[in-house]
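Being a predicted model, the structure only gives us computed values, none of them experimental.
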Amino acid sequence: MALTPLVYWAQRHEEIYLRVELTDAQNIDVNVHENILHFQALGHGAKGQNLYQFSMEFLLPVKTQVAYKSTQRQVSITVRKGQRGWWGRLTKQERKPLFLAPDFDRWLDESDAEMEIREKEERRNRRKASQYDEDGLISLKTGFLFTYNLVQFLGFSWIFVNMTIRLLKFGQDSFYDTFHTISGVMFFCQILAAVEVLNAAFGVVKTGVMPTFIQVLGRNFILFIIFGCLEEMQNKPVVFFVFYLWSAIEIFRYPFYMLGCFNSEWKILTWLRYSIWMPLYPIGVIAEAVAVIQSIPIFDESNLFSIPLPKAIGASLSFSYVLRVYLALMFLGLFINFRHLYKQRQRRFRTRKRKAY
């Protein structure tokens, strides 16, 4: 025998929100027929695991299209009103059904709902005002950020495509001349990446300064010190893997930022931007660590960047000791940046999930 679940409701001028207290709901059937909403599902409610159902006739006409979303804790239903307006009650019958109660988490009075609409319009207008001046031209800030991200996207795309084509054409032989073929564009892109640290420091973009600084500094250390200063490292296969992983991450990050300059979004690109780094970023750090480890004996032999000690000691401090400390700092930086990126991903998709209710 079917039972009746607990249902909470709230409204806006154009929509009705229903929250059905049903855990792990299955076989959900929701429809509106002749202004009556019918709900049925199998799940765990107030009286345990059972079949739950209810029906209610709305006070005024509603549209037949019903949107619903099921989570582990509840089923959220959205019904659009036939005409924009504020209802005095939800159901046609004056006496409120026993299973129905206000959803105070979403409850607003009519005046509060109007204020919510005005605030949304004001936020939209502020976003537009920040992007366009009085003549309708793109603002200097938006134009600068879009141009910067476009240049970086083109640079890293060239690197990624060039390396992919060479890999398919020459196979493993392409590993050994990656630096001489790609380094010019990579030097340009990584020098330009310093702009991101300045953007974060001066508030041009809303992001943490330290995670950005760690990433830019770490990459430039590998590129300029490990690869750029040691000819012996430039022919090693590790250069290919480091460059390829860097560019694979950036070809999704920069176009995401380009669309963000105009408050646009492509869902697949958004998911890739906030997900592709999870496997690629740790692998990239491991590749960088391999490069540092391979460079240690070269620095020991060449005494490059060695620190001279007093004559009484009669020796110099090898730069390889700095590299050993840097290795430890690399994995500390990995932890800091990984946590930062993971929190970004949680905020992004948690916000999108809330908007779906």
Side-chain angles (χ1 to χ4, degrees), residues 147-197 212-255 276-277 279-306 318-324 326-327 329-331 333-334 337:
T147 303
Y148 168 77
N149 290 308
L150 175 62
V151 171
Q152 290 288 66
F153 170 65
L154 293 176
F156 281 107
S157 295
W158 182 90
I159 292 172
F160 184 82
V161 172
N162 191 295
M163 293 181 69
T164 301
I165 293 174
R166 289 176 56 80
L167 178 63
L168 295 175
K169 186 175 181 180
F170 302 111
Q172 293 184 4
D173 291 340
S174 66
F175 291 175
Y176 302 99
D177 62 349
T178 297
F179 184 86
H180 301 288
T181 307
I182 304 297
S183 61
V185 180
M186 185 62 79
F187 277 127
F188 171 79
C189 290
Q190 282 307 129
I191 292 173
L192 193 61
V195 173
E196 296 182 31
V197 180
T212 306
F213 177 76
I214 290 174
Q215 179 173 332
V216 173
L217 179 64
R219 284 190 179 184
N220 284 342
F221 182 87
I222 298 296
L223 180 61
F224 288 93
I225 303 300
I226 304 299
F227 296 152
C229 295
L230 297 178
E231 292 186 8
E232 296 89 341
M233 289 295 301
Q234 295 172 5
N235 296 322
K236 291 186 179 293
V238 70
V239 178
F240 174 89
F241 293 102
V242 170
F243 283 9
Y244 203 68
L245 289 165
W246 286 356
S247 60
I249 294 174
E250 304 301 21
I251 60 175
F252 298 111
R253 189 166 70 97
Y254 285 114
I276 198 70
W277 62 268
L280 295 185
Y281 182 54
I283 296 173
V285 172
I286 292 173
E288 294 172 22
V290 170
V292 173
I293 292 171
Q294 290 180 349
S295 71
I296 288 177
I298 302 175
F299 278 107
D300 283 334
E301 293 176 5
S302 64
N303 287 324
L304 184 64
F305 301 137
S306 294
S318 175
F319 187 69
S320 64
Y321 291 106
V322 176
L323 295 180
R324 290 181 174 89
Y326 179 74
L327 275 174
L329 294 177
M330 279 181 62
F331 289 98
L334 169 65
N337 266 3

- Task: Would you name the heavy atoms of T178 and F175 that are closest together and state the gap between them?
- Result: OG1-O, 3.4 Å
- Task: If a pair satisfies salt bridge (charged side-chain N to carboxylate O under 4.0 Å, His left out) and one of its residues is in residues 148-160, list it, with sequence neighbours excluded.
- Result: none
- Message: Suppose the criterion is salt bridge (charged side-chain N to carboxylate O under 4.0 Å, His left out): which pairs have a residue in residues 160-185, not counting sequence neighbours?
- Response: R166-D177
Quick one: pull up [atom1] in [X] and [atom2] in [Y] and give me the separation to the nearest 0.5 Å.
{"X": "S247", "Y": "F153", "atom1": "OG", "atom2": "CZ", "result": "11.5 Å"}
{"X": "M186", "Y": "T181", "atom1": "CE", "atom2": "OG1", "result": "12.0 Å"}
{"X": "Y281", "Y": "I286", "atom1": "OH", "atom2": "CD1", "result": "12.0 Å"}
{"X": "N162", "Y": "S157", "atom1": "CG", "atom2": "OG", "result": "12.0 Å"}
{"X": "L329", "Y": "L217", "atom1": "CG", "atom2": "CG", "result": "10.0 Å"}

Could you list the residues that satisfy side chain to side chain donor-acceptor pair (under 3.5 Å) with [X], not counting sequence neighbours?
{"X": "T164", "answer": "Y244"}
{"X": "S320", "answer": "D300, S318, R324"}
{"X": "Y326", "answer": "none"}
{"X": "E250", "answer": "R219, R253"}

List the residues meeting side-chain contact (heavy atoms from CB on, under 4.5 Å) with [X], not counting sequence neighbours, and say none if there are none.
{"X": "S302", "result": "L304"}
{"X": "I276", "result": "F252, L280"}
{"X": "V195", "result": "F144, Y148, L192, N199"}

- Side-chain heavy-atom pair F156, I249 within 4.5 angstrom cut-off: no
- Side chain proximity check, F187 to I182, heavy atoms < 4.5 angstrom: no
- Query: ring-ring contact (aromatic ring centres under 6.0 Å, His included) with F213: which residues, sequence neighbours excluded?
  - Reply: none
- Message: With side chain to side chain contact (heavy atoms under 4.5 Å, CB included) as the criterion, how do I191 and F224 come out once you've worked through the C-alpha distance, each side chain's angles and the decisive distance to 0.1 Å?
- Response: CA-CA 10 Å; I191 292 173; F224 288 93; 3.5 Å; yes
Contacts under 3.5 angstrom, residues 288-299 side chains, donor-acceptor by atom type, not counting sequence neighbours:
from : atom 1 : to   : atom 2 : distance (Å)
E288 : OE2    : W246 : NE1    : 2.9
S295 : OG     : V292 : O      : 2.7

- Polar side-chain atom of S306 near backbone of N303 as donor-acceptor pair, under 3.5 Å: yes
- Centroid-centroid under 6.0 Å between F319 and F305 rings: yes
Please tabulate, for side-chain N and O atoms in residues 229-243, each donor-acceptor pair with protein atoms closer than 3.5 Å (sequence neighbours left out).
from : atom 1 : to   : atom 2 : distance (Å)
Q234 : NE2    : F227 : O      : 3.0
N235 : OD1    : H180 : NE2    : 3.2

